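Take a look at the structure below.
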Amino acid sequence: MQQLNACPSVGIAAPYQSIPDFQPGMSLPDKISVLYARLSNDDKQKNKGKNKEDDSDSIVNQKKMLAKHATDNRLINPVFFIDDGISGTTFNRPDFQAALELVEAGRVVNFAVKDLSRFGRYNALVGYYTDYVFPEMDVRFIAINDDVDDTTGESEITTQIKNIFNEYYPRETSKKVRKVFEMKGMAGERLCFKPIYGYRKDPDNSKLWIIDEEAAQVVRQIFQWCMEGLGPTHIANRLREAKILIPFHYAHHAGICVRKRLSDDPYGWTSGTVADILERREYLGHTVNFKSSSKSFRNKKRIYADPSDCVVFENTHPRIVEDEVFDRVQQIRSGKRRKTKSGRICLFSGSVYCVDCGGKMHFSCGSSLIPERDWYTCSNFRSKKKPCHSAHYIRRVVLEQMVLEHIQKVTAYAAENEKDLAQRLQQNDTDKLKKEMAADNKNLLLSQKRVQELDAIIQSLYEDKVKGGLSPERFARLSQGYEQEQKELELKVKTLQAQLSRQKEERMNVERFLKQVRKYTRVTELTPTMLHELVERVEVCAPDKINGKRIQQIKISYNYVGNLDRLELPPIPPPKEIPKISAENA
């Protein structure tokens, strides 16, 4: 092995510029002295603006101090191990782990740091290495500024106290940072500093996002493919075939700073990446805060919050995806897709249900069967938990034809009689909604008035208690009852307000439905996109035999308006034949 930066006779350290920095795969002597230096991003921010020569914690000054100590104490074959920009609360640091591997291999004689905080800020693990691992492997541990040396240093109790204070600093810093983030997040400031795929920072205001049209087109295509019935794996395969750069590589290619190391495959789309894009509410133009948090200041593992617990601020940046498309995609993805032997895609995946038991209808096909023989059956048929009396068996082609004919009937009627259809839908729901809203409004006003009365009553009770007109026991009993009633009323008020909000939204559903219907006139083929934009669910009834013929019915619920059979639409004449255009008239 080569001799590293040592005097010919005893291997005394030379000035720090001549001591090598550790590099993976480099050749090292059998025995070395580890000179370890570390600087976190917090330390850099704390000393921002200072000259690096004036910063005592800078890597340069740590190396100078370690080199001088190695020279003065004749440490053999010193090598610098440096982790720059990594917190001491984690021990998963590249050069630190490389040094520990050499310790375990019995190749380290001395392990020197500027002070104990540079080694780490996790009291339990620092003690584990300095009190157990290093003595076991005959490694001399040195913390220069803390006067810690296995041969001449301080007592073990003093060292433990210093380790506790070293851990206390990041703990308190973490609390302060969490408070600041909490205030910013609740005030509507975006906690995600780097724009997600599809956006970039506004050149005039770095806090605002603008659409990156090239990436946004890919996002829209991903949502479109999902509307067509493709799952995340199929979508990822298509993106790889089209040679579309994955988000990290695209950000690097677009000149956006990327801290994460790039993967070897620039087109390596995965189902997880696609699923993450399909679930992001930011594409609706909303800011979503508090989606995840770390377990503690020591454990950086992310804990993802329930979507209902996130704080959402609407319309903070331009949208890429429409509400109707996003909502339908979430509904599609809520249903699990089962792989078929033939590899054929289920057109109605997650949308077909049994009318009797409410269970999902499973799509089945054999690899040797022709597509026309694919079928759906009730998932609860012969089930022990929730048995269904019938399999509700229906062939795929039959179901598709029945749904297509129903959609043709509705779209044709809407095209010829849109006003009449709108009136029928509104008239059917208006009377019911008016009654519900009137009752809810009345209950809401009464509840709010009672809450105010209870405030006055509790205040009066408190004044009587202060004046001595009411005993503490009686005050506690009365106030407890009133406060309980007040809590129940406040909960009722929130529920009523939510109901009124939902009822107002339902009034807009007719226009939303008609907007989707206008896209499809003279429908001749059932497509996945059409199905997902128009139909919410299809319920299959058990078959009957009438006059020796097998008769089966289905019930279709459309998005926003539900089942339209209640409207009793009049018979619709078949579409008129469109005359062919001759070459002479063209």
Side-chain angles (χ1 to χ4, degrees), residues 227-231 328 331-332 335-383 387-414 516-517 520-559 562-569 571-575:
M227 288 284 287
E228 292 174 4
L230 297 180
R328 189 55 184 156
Q331 187 176 356
I332 294 169
K336 293 183 179 179
R337 292 171 171 80
R338 298 193 309 158
K339 280 190 175 182
T340 60
K341 294 180 180 179
S342 66
R344 290 194 285 272
I345 298 174
C346 172
L347 186 65
F348 292 95
S349 179
S351 301
V352 185
Y353 296 84
C354 170
V355 75
D356 292 327
C357 69
K360 288 185 178 180
M361 301 282 285
H362 281 174
F363 176 66
S364 303
C365 64
S367 56
S368 60
L369 297 179
I370 59 175
E372 287 72 15
R373 295 185 180 178
D374 298 343
W375 71 92
Y376 290 89
T377 53
C378 177
S379 59
N380 289 327
F381 181 56
R382 294 174 181 167
S383 170
C388 189
H389 71 279
S390 170
H392 293 73
Y393 171 91
I394 188 169
R395 282 197 298 143
R396 177 183 61 83
V397 290
V398 173
L399 179 61
E400 289 180 4
Q401 182 62 30
M402 294 174 74
V403 172
L404 176 61
E405 289 176 358
H406 201 282
I407 291 177
Q408 286 174 328
K409 175 182 177 181
V410 172
T411 54
Y413 185 83
Q516 297 293 348
V517 168
Y520 303 101
T521 57
R522 298 189 178 277
V523 176
T524 59
E525 180 184 1
L526 188 63
T527 64
T529 304
M530 178 206 308
L531 179 68
H532 294 143
E533 286 187 345
L534 294 178
V535 177
E536 179 182 359
R537 63 187 282 146
V538 179
E539 294 179 318
V540 179
C541 301
D544 291 325
K545 278 197 174 182
I546 301 176
N547 298 327
K549 295 183 179 180
R550 189 177 187 273
I551 305 297
Q552 196 163 11
Q553 293 182 335
I554 61 171
K555 296 181 179 179
I556 300 178
S557 293
Y558 288 86
N559 289 324
N563 192 302
L564 298 182
D565 292 340
R566 68 188 189 281
L567 301 182
E568 298 180 356
L569 298 178
I572 304 168

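All values derive from a computational prediction rather than experimental measurement.
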Using a 4.5 Å cut-off on heavy atoms from C-beta on, say whether the side chain of [Y] contacts that of [X].
| X | Y | result |
| --- | --- | --- |
| F381 | H392 | no |
| S351 | V538 | no |
| Q516 | N559 | no |

Would you sort out whether Y376 and L399 count as a side-chain contact (heavy atoms from CB on, under 4.5 Å), showing the intermediate values? CA-CA 9 Å; Y376 290 89; L399 179 61; 3.9 Å; yes
Considering all heavy atoms, the nearest [X]-[Y] contact:
| X | Y | value |
| --- | --- | --- |
| T377 | S364 | OG1-OG, 4.5 Å |
| C388 | D356 | SG-CB, 4.5 Å |
| N380 | G359 | ND2-CA, 3.6 Å |
| M361 | C354 | CG-N, 3.9 Å |

Please list, chain by chain and in numerical order, all residues satisfying side-chain hydrogen bond (donor to acceptor under 3.5 Å, both in side chains) with [X], sequence neighbours excluded.
| X | result |
| --- | --- |
| Q552 | R550 |
| Y558 | H406 |
| E536 | none |
| T411 | none |

Considering residues at least two apart in sequence or located in another chain, which fulfil the side chain to side chain contact (heavy atoms under 4.5 Å, CB included) criterion with M530?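 For M530 the side chain to side chain contact (heavy atoms under 4.5 Å, CB included) partners, ignoring immediate neighbours, are I407, Y520, V523, L526, T527, L534.
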Counterpart residues, side chain to side chain contact (heavy atoms under 4.5 Å, CB included), relative to R537 (two or more places apart): Y353, E539, S557
Interatomic distance, M227 atom CE to R328 atom CZ [nearest 0.5 angstrom]: 7.0 Å
Atom NZ in K360, atom SG in C378: separation rounded to 0.5 Å?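 Between K360 NZ and C378 SG, I get 12.5 Å after rounding to 0.5 Å.
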